[in-house]
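One structure is given here, and the rest of the page talks about it.
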2 protein chains.
Amino acid sequence: MVTLAEVAQHAGVSASTVSYVLSGKRSISATTRQRVEESIRELGYHPNAGARALAGKRSNIIALMVPLRTDMYVPVMMEIAIAVATTARTHGYDVLLLTGEEGPDAVRRVTGSGLADAMILMDVELEDERLPLLRETWQPSVLIGLPADTTGLTCVDLDWSATGALCVEHLAGLGHRDIAVIGEAPAVYERHTGFAERTLDGLRARARAADLRVLHRPCEGGYDAMALTLSRIFDERPGTTGFVVQNESAVEPLLALLRQQGRAVPEDVSVVAICPDQVAVQASVRLTSVAIPAQEMGRHAVERLVAKLEGRDGDEVVLLAPELTVRASSGPAPAAP
Amino acid sequence: MVTLAEVAQHAGVSASTVSYVLSGKRSISATTRQRVEESIRELGYHPNAGARALAGKRSNIIALMVPLRTDMYVPVMMEIAIAVATTARTHGYDVLLLTGEEGPDAVRRVTGSGLADAMILMDVELEDERLPLLRETWQPSVLIGLPADTTGLTCVDLDWSATGALCVEHLAGLGHRDIAVIGEAPAVYERHTGFAERTLDGLRARARAADLRVLHRPCEGGYDAMALTLSRIFDERPGTTGFVVQNESAVEPLLALLRQQGRAVPEDVSVVAICPDQVAVQASVRLTSVAIPAQEMGRHAVERLVAKLEGRDGDEVVLLAPELTVRASSGPAPAAP
DNA sequence: GAGAGGTGTCGAAGCGCTTCGACTCCCCTG
DNA sequence: CAGGGGAGTCGAAGCGCTTCGACACCTCTC
């Protein structure tokens, strides 16, 4: 393993000079710089991460806490994670992958050991038990998600409330009066995951304003669960003509069941999904949808975090504006019979 | 930030004693150990990761290279990644998340800098350009996937060849003679991803032995692509009664299209999927399938790796035996008309 | 009752890097 | 032409930990 000292010797300069060439923190003459860079290349030198972290008091690592649960929005999570890793690299950071398993202890361990310089948390609950720890540590952090109380925190998220409102607005504009919301699995609401509840709030508020009726039903994914949910919905509100779906694994079952029941999309019922674009265009009916900008969220989170690390920025809540794309699954409400 | 020296002082012992309490590398009297542990707890001490890595010459970090492509088997990738992270923690390791983006350079960077003690590579191609680097480095590594040449490498993978064979066997046993294989997207084959090609090989070999005909068609996910692929298949082989699907995002479209064409599953055609169990049971027809044991692969990879790190083990190829679960999508071939 | 052999603890020497202060040139200014 | 100041380089002092050898003390054994 090549060390900085060896590079220095090879280039005929002192160790500190090599260090300054690397960091650019002091001016170095062009010729010296070239000589050093040449030596680095020739010897295949890579600075030792541990030594660097020790001496420099920063590890150049960002910790990313992903949820352990693999039952929800998995591709979105993955996309965020990859965007985080990729963006972090462009800023010279590596990413440490933590699962939710350790819970709050992971926060303590990472901040205490100096393993990472900062952290990004995903899957934030409204009253997340990791938040007190984040507030009292001096390490910068960014949440992907929005807790109930954001004081002293930096958050990046899709504006879920606006997303819910947008869906209702679209359906209202098409003349629908009775709307059913197919939500995430019950467990997601039970643990008060921010995005699910906020979507619902936004949706209901707008529905009230536009004077439509909303029936919300959580739903596990899959056909059987969806079949049950759907029949209950039509039992309770036979006049339902608009659907908002916020559960990727319910999308296809819903479409299939509607078809099976002889309800045409979009002639008889309209469907608006909240899902990644890829899912929307690959569905059996190209879905009118509000996209979940996974990449953008990951990228934003890293950029906020780097800004904080460099002291360029303070706390802030960034809510991305939702965008609804009209595709083939929504249309005018049928005339009342 | 609390240091080891402070703990030592607080406990009234020397720094080295604290270190030995932590590592257990020398015997320590019960009373001393207790006193030290008490101090550690009281002060909330966490060993500094950088210093540890520097002095101990190991970082206790495992690097995980995941593919950048998010177009394929995403939930499986995520499940593997999470299993890796979780298992690694139980062995005292953390996981560094690298994306394929940097390519072979990432290998150099990580081994060179001592950032990680070992690496796990996913999405291995038959002639992967990262392999030469792995072979010449002294750092242990494990591949999740199987390249063409495995000398000097440790690999963990599902036995895809046996998986392909198993699917054919099942269909052959039910009397099917003409089988279509819906594969991954063309790009996956073009870059010679191991699992896709091996599945095909195993499948064809067994088909030859059992004297059935196989028609293989790569397929992008989604309805449109699947519709096109399916019509081509029936054009070319109208007598096709068995399907093997190795592409999660083609599963549901296939089922829907078959239904639409009036071909009943499993009465007219049988479908065998290669996919995670969750997908199989959530599909509109509960699918006969060979499971992709993502968790097990991740766990195995870490365990092999830890064994190598501790010098307990050498190179080895671990192929997990596939298991086929019969569900509702496969049945006896219809009598020839 | 002296030597052998454990057991438990300590001090000191690094690990490879960053950074601070100091030093040497050399050019510019008045 | 002296003095000030910037540019470029170096030496040395850590950063917080691990580990090696040394040492003290204690318990056996013959």
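Chain identifiers are assigned alphabetically (A, B, ...) following the order of the sequence lines, protein sequences preceding nucleic acid strands; residue numbering begins at 1 within each chain.
Comparing dC10(C), dC15(C), dC17(C) by their closest approach to the side chain of Ala55(B) singles out dC15(C). Of the candidates dT18(D), dC17(D), dC17(C), the closest approach to any side-chain atom of Asn48(B) belongs to dC17(D). Relative to the side chain of Lys25(A), the nucleotides dT19(C), dC17(D), dG16(C) differ in distance, and dT19(C) lies closest.
Considering every non-hydrogen atom in both Met1(A) and Gly114(B), the closest pair reads CE-N, 4.1 Å. In terms of heavy atoms, Pro75(A) sits closest to Val74(B) at CA-CG1, 3.7 Å.
Between the side chain of Tyr20(A) and the base of dC20(C), a donor-acceptor pair under 3.5 Å is found. Counting distance only, with no hydrogens placed and no angle test, the side-chain atoms of Ser16(A) and the base atoms of dG11(D) include a donor-acceptor pair under 3.5 Å. For dG21(D), its base sits under 3.5 Å from the side chain of Arg26(B) at one donor and acceptor pair at least.
One finds a salt bridge joining Arg41(B) and Glu38(B) here, because a Lys/Arg side-chain nitrogen approaches an Asp/Glu carboxylate oxygen to under 4.0 Å. With respect to Glu316(A) and Arg304(A), a salt bridge is recorded, a charged nitrogen being found less than 4.0 Å from a carboxylate O. With salt bridges taken as basic N to acidic carboxylate O contacts below 4.0 Å, none links Arg130(A) and Asp123(A).
Rounded to an integer number of Å, the gap from Leu115(B) CG to dC17(C) P is 13 Å. One interatomic measurement links the two molecules: CD of Gln9(A) to P of dG11(D), which rounds to 12 Å at whole-angstrom precision. dC15(D) atom P lies 14 Å from atom CE of Met1(B), rounded to whole Å. Taking atom CD on Glu6(B) and atom C1' on dG16(D), their separation rounds to 10 Å, with Å as the unit. In this structure, the CZ atom of Arg35(A) is 12 Å from the C1' atom of dG8(D), given to the nearest Å. Nucleotide dG8(C) holds its C1' atom 16 Å from the CD atom of Gln34(B), rounded to whole Å. Note: CZ (Arg58(B)) to P (dC17(D)) measures 17 Å, nearest angstrom.
Here Thr3(B) lies in heavy-atom contact (under 4.0 Å) with sugar-phosphate atoms only. Contact annotation for Ile28(B): backbone-only contact, meaning every heavy-atom pair under 4.0 Å involves sugar-phosphate atoms and none involves a base.
Taking the nucleotide of DNA chain C with the nearest heavy atom to each of Ser14(B) and Lys57(B), the more 5' of the two is matched to Ser14(B). If you find the closest nucleotide of DNA chain D to Leu54(B) and to Ser23(B), the one lying nearer the 5' end belongs to Leu54(B).
Taking side-chain N and O atoms only, Ser29(A) has a distance below 4.0 Å to OP1 or OP2 of dT9(D). Using a 4.0 Å cut-off, some side-chain N or O of Arg52(A) falls inside it from OP1 or OP2 of dT18(C). Between Ser19(B) and dT18(D) there is a side-chain polar atom (N or O) within less than 4.0 angstrom of OP1 or OP2. Contact annotation: Thr17(A) does not reach the phosphate of dT9(D) (side-chain N/O to OP1 or OP2, under 4.0 Å).
Panel note: side chain Thr17(B), backbone Val13(B); no donor-acceptor pair is recorded below 3.5 Å.
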